[in-house]
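Just below is one structure, and these are the notes that go with it.
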Amino acid sequence: MTESTAARQPRRSAGSKATGTTGTKTGTKTGTKTGTKTGTTAAKTAAKSGTTRTAAAGKGAETELVQLLTPEGERVEPAKNSAYAEYAGYVADITPDELRGLYRDMVLTRRFDAEATALQRQGELGLWASLLGQEAAQIGSGRATREDDYVFPTYREHGVAWCRGVDPTNLLGMFRGVNNGGWDPNSNNFHLYTIVIGSQALHATGYAMGVAKDGADSAVIAYFGDGASSQGDVSEAFNFAAVYNAPVVFFCQNNQWAISESNEKQTRVPLYQRAQGFGFPGVRVDGNDALACLAVTRWALERARRGEGPALIEAYTYRMGAHTTSDDPSRYRHDDERAAWEAKDPILRLRRFLESANHADEGFFGELEAESEALGKRVREVVRAMPDPDRFAIFENVYADGHALVDEERAQFAAYQASFAEAEGV
């Protein structure tokens with residue numbers, strides 16, 4: 001099984017600052033997303049200038065978007081009195097090996113994602129939700145988690161699953177229709193994918209409330225998109241988490257489009273500012289900057305473990321591809337929007353930094369390319385070898401003691417299936 005090389009970190013004391021697991025290696029060549037539409041004139045100006053009003057650590061001052069690597073791959077060093085100096089401290093001691101690890105994770109995640117998209121086009125999967133362009137947000141935040149933290153994903157967190165040690169081929173069973181998940185959530189503290197939009201925010205909050213009652217030194221993180229932020233479940237989760245001081249981090253990947261609805265159709269203020277209304281801090285981070293996502297998520301998880309309650313992270317990124325393989329983004333997006341975001345590609349950004357800092361050579365990139373090819377080959381082989389599910393399993397466990405109506409429906413389905421065999425025999 002191909003795995004991320006970042007070893008899980010041992011439990012740390014609640015007061016430890018630079019905690020969480022750090023990157024594993026990853027890199028690849030692929031464009032990422034970057035388009036920009038927010039609900040207010042100020043937000044639009046911020047998107048162009050790289051600044052935004054943030055409630056980082058509850059300050060609410062006019063400051064820059066949290067960014068530690070520019071699109072050109074240059075390291076940003078915040079001034080000591082900057083609101084972002086605290087975040088930079090969470091990655092101040094990151095090693096070249098850990099940086100190569102982050103790059104490797106992003107490259108292999110993107111390769112897996114591209115392979116899954118191709119398999120769907122070939123009829124091997126019924127559907128696929130691509131993460132193209134969101135690798136930095138997922139790998140950066142995923143590497144900030146500890147082994148004993150618990151993750152509640154949506155259906156697009158393939159990079160976070162990778163960070164939690166879930167075999168990527170296990171993610172494909174549901175999309176092929178052979179199972180309802182494919183992994184034991186408690187083996188990796190990574191919940192099954194959630195298709196119902198926004199409900200996992202409530203699940204995460206309830207779990208976090210239980211963690212607090214148990215007195216455990218761990219935190220919970222819930223992932224959702226900008227579209228899900230319009231769901232009532234998410235607002236309810238925010239309120240419960242704030243009132244009960246739950247150790248949960250809400251991680252919103254704002255990829256600019258809720259299927260075909262842009263941000264300006266969803267919200268009148270930047271999404272991270274919603275946290276202020278519920279009484280906890282919100283931060284907007286450059287979602288295409290793996291280093292910044294790692295730092296900010298470490299900050300949020302650490303404060304949750306210390307009993308300081310929830311936080312909202314808005315990872316400002318872009319969905320480079322379709323919402324799912326059943327979507328056609330060309331019907332509602334312009335090519336120039338995608339082109340603008342491709343210039344901010346998260347993988348290319350980190351590669352530029354690794355090269356300029358002499359942290360990686362051609363040997364590293366060559367080995368990673370070979371590893372990427374091997375992963376793609378394994379994914380294809382595993383998916384095509386997946387056995388068909390028992391067609392009658394859907395009728396099992398509906399009722400503990402059985403039910404006459406279910407028996408009737410099973411018999412009707414059996415007759416329907418038998419009709420195909422009869423037709424083939426004619």
Side-chain angles (χ1 to χ4, degrees), residues 2-6 23-34 69 71 73 99-121 125 128-143 153-172 175 223 253 255 286-291 293-294 315 317-325 329 338-339 341-355 360 364-380 382-383:
T2 304
E3 297 179 335
S4 169
T5 56
T24 8
K25 329 173 183 177
T26 270
T28 223
K29 327 148 188 171
T30 331
T32 89
K33 346 175 178 180
T34 287
L69 282 179
L99 287 167
R100 288 190 294 270
L102 288 171
Y103 181 76
R104 172 183 174 268
D105 282 352
M106 288 197 290
V107 167
L108 295 181
T109 297
R110 182 173 288 187
R111 177 52 188 269
F112 162 72
D113 180 68
E115 205 65 51
T117 299
L119 286 165
Q120 194 282 329
R121 298 308 189 198
L125 302 178
W128 183 248
S130 173
L131 60 60
L132 182 61
Q134 299 177 219
E135 295 89 354
Q138 295 194 15
I139 297 301
S141 62
R143 282 294 152 216
T154 60
Y155 46 76
R156 200 187 302 276
E157 274 67 58
H158 319 315
V160 184
W162 173 271
C163 292
R164 299 300 295 180
V166 177
D167 186 328
T169 61
N170 284 342
L171 304 177
L172 301 174
F175 294 96
Y223 289 85
Q253 293 176 84
N255 62 23
D286 186 338
N288 286 9
D289 178 354
L291 199 58
C293 289
L294 173 65
T317 182
Y318 191 74
R319 167 167 56 80
M320 291 294 295
H323 174 70
T324 68
T325 47
R338 171 172 171 144
W341 279 93
E342 285 179 345
K344 304 177 186 179
D345 182 282
I347 294 177
L348 179 58
R349 179 183 306 205
L350 186 52
R351 177 167 182 150
R352 286 169 173 166
F353 176 70
L354 290 173
E355 291 176 330
F364 166 74
F365 295 118
E367 290 176 3
L368 183 55
E369 182 65 24
E371 186 178 7
S372 175
E373 289 296 319
L375 175 61
K377 182 175 183 291
R378 185 172 75 87
V379 168
R380 293 192 298 272
V382 170
V383 166

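Position 1 is the first residue of the sequence; numbering continues from there.
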*Any chance you could measure Trp162, atom CH2, to Asp113, atom CG, to the nearest 0.5 Å?*
13.0 Å
*What residue among Thr109, Thr317, Asn288, Asn255 forms side chain to side chain donor-acceptor pair (under 3.5 Å) with Gln134?*
Asn255
*Yes or no on salt bridge (charged side-chain N to carboxylate O under 4.0 Å, His left out) for Glu342 and Arg338, after CA distance, side-chain angles and deciding distance?*
CA-CA 6 Å; Glu342 285 179 345; Arg338 171 172 171 144; 2.9 Å; yes
*Tell me, with the steps shown, if Leu119 and Phe175 meet side-chain contact (heavy atoms from CB on, under 4.5 Å).*
CA-CA 11 Å; Leu119 286 165; Phe175 294 96; over 6 Å; no
*asked:* Using side-chain contact (heavy atoms from CB on, under 4.5 Å), reason through Leu108 and Ser372 one step at a time and then give a plain yes or no.
replied: CA-CA 6 Å; Leu108 295 181; Ser372 175; 4.0 Å; yes
*asked:* Under the rule for ring pair (Phe, Tyr, Trp, His ring centres under 6.0 Å), what residues qualify as partners of Tyr155, not counting sequence neighbours?
replied: none
*Could you grab the distance from atom OG1 of Thr169 to atom CZ of Arg380, nearest 0.5 Å is fine?*
13.5 Å
*Verdict with supporting geometry, Leu99 and Leu291, side-chain contact (heavy atoms from CB on, under 4.5 Å)*: CA-CA 8 Å; Leu99 287 167; Leu291 199 58; 4.0 Å; yes
*Between Gln138 and Arg156, is there a donor-acceptor pair closer than 3.5 Å when you use the side chain of the first and the backbone of the second?*
yes
*Can you tell me if Arg111 uses its side chain to pair, donor with acceptor, with the backbone of Leu375 under 3.5 Å?*
no
_Could you measure the distance from the CZ atom of Phe112 to the CG atom of Asp167? Nearest 0.5 Å is fine._
8.5 Å
*Between Cys293 and Gly287, what is the shortest heavy-atom contact and its length?*
SG-CA, 3.8 Å
*Could you tell me the separation between the CD1 atom of Ile139 and the NE2 atom of His158, rounded to the nearest 0.5 Å?*
11.5 Å
*asked:* Looking at Arg352 and Pro71, would you say the former's side chain and the latter's main chain have a donor-acceptor pair under 3.5 Å?
replied: yes
*What pair of heavy atoms forms the shortest contact from Ala315 to Ala137, and how long is it?*
CB-CB, 4.0 Å
_With a 3.5 Å distance limit and no angle check, can you tell me whether Glu367 reaches the backbone of Phe364 through a side-chain donor-acceptor pair?_
no
*Which residues satisfy the side chain to side chain contact (heavy atoms under 4.5 Å, CB included) test with Ala322, sequence neighbours excluded?*
Asp327, Pro329
*Inter-residue atom distance Ser130.OG - His323.NE2, 0.5 Å rounding*: 11.5 Å
*Does any N or O in the side chain of Arg121 come within less than 3.5 Å of the main-chain N or O of Thr325, such that one atom is a donor and the other an acceptor?*
yes
*Between CD of Glu135 and CG of Leu350, what distance do you get to the nearest 0.5 Å?*
12.0 Å
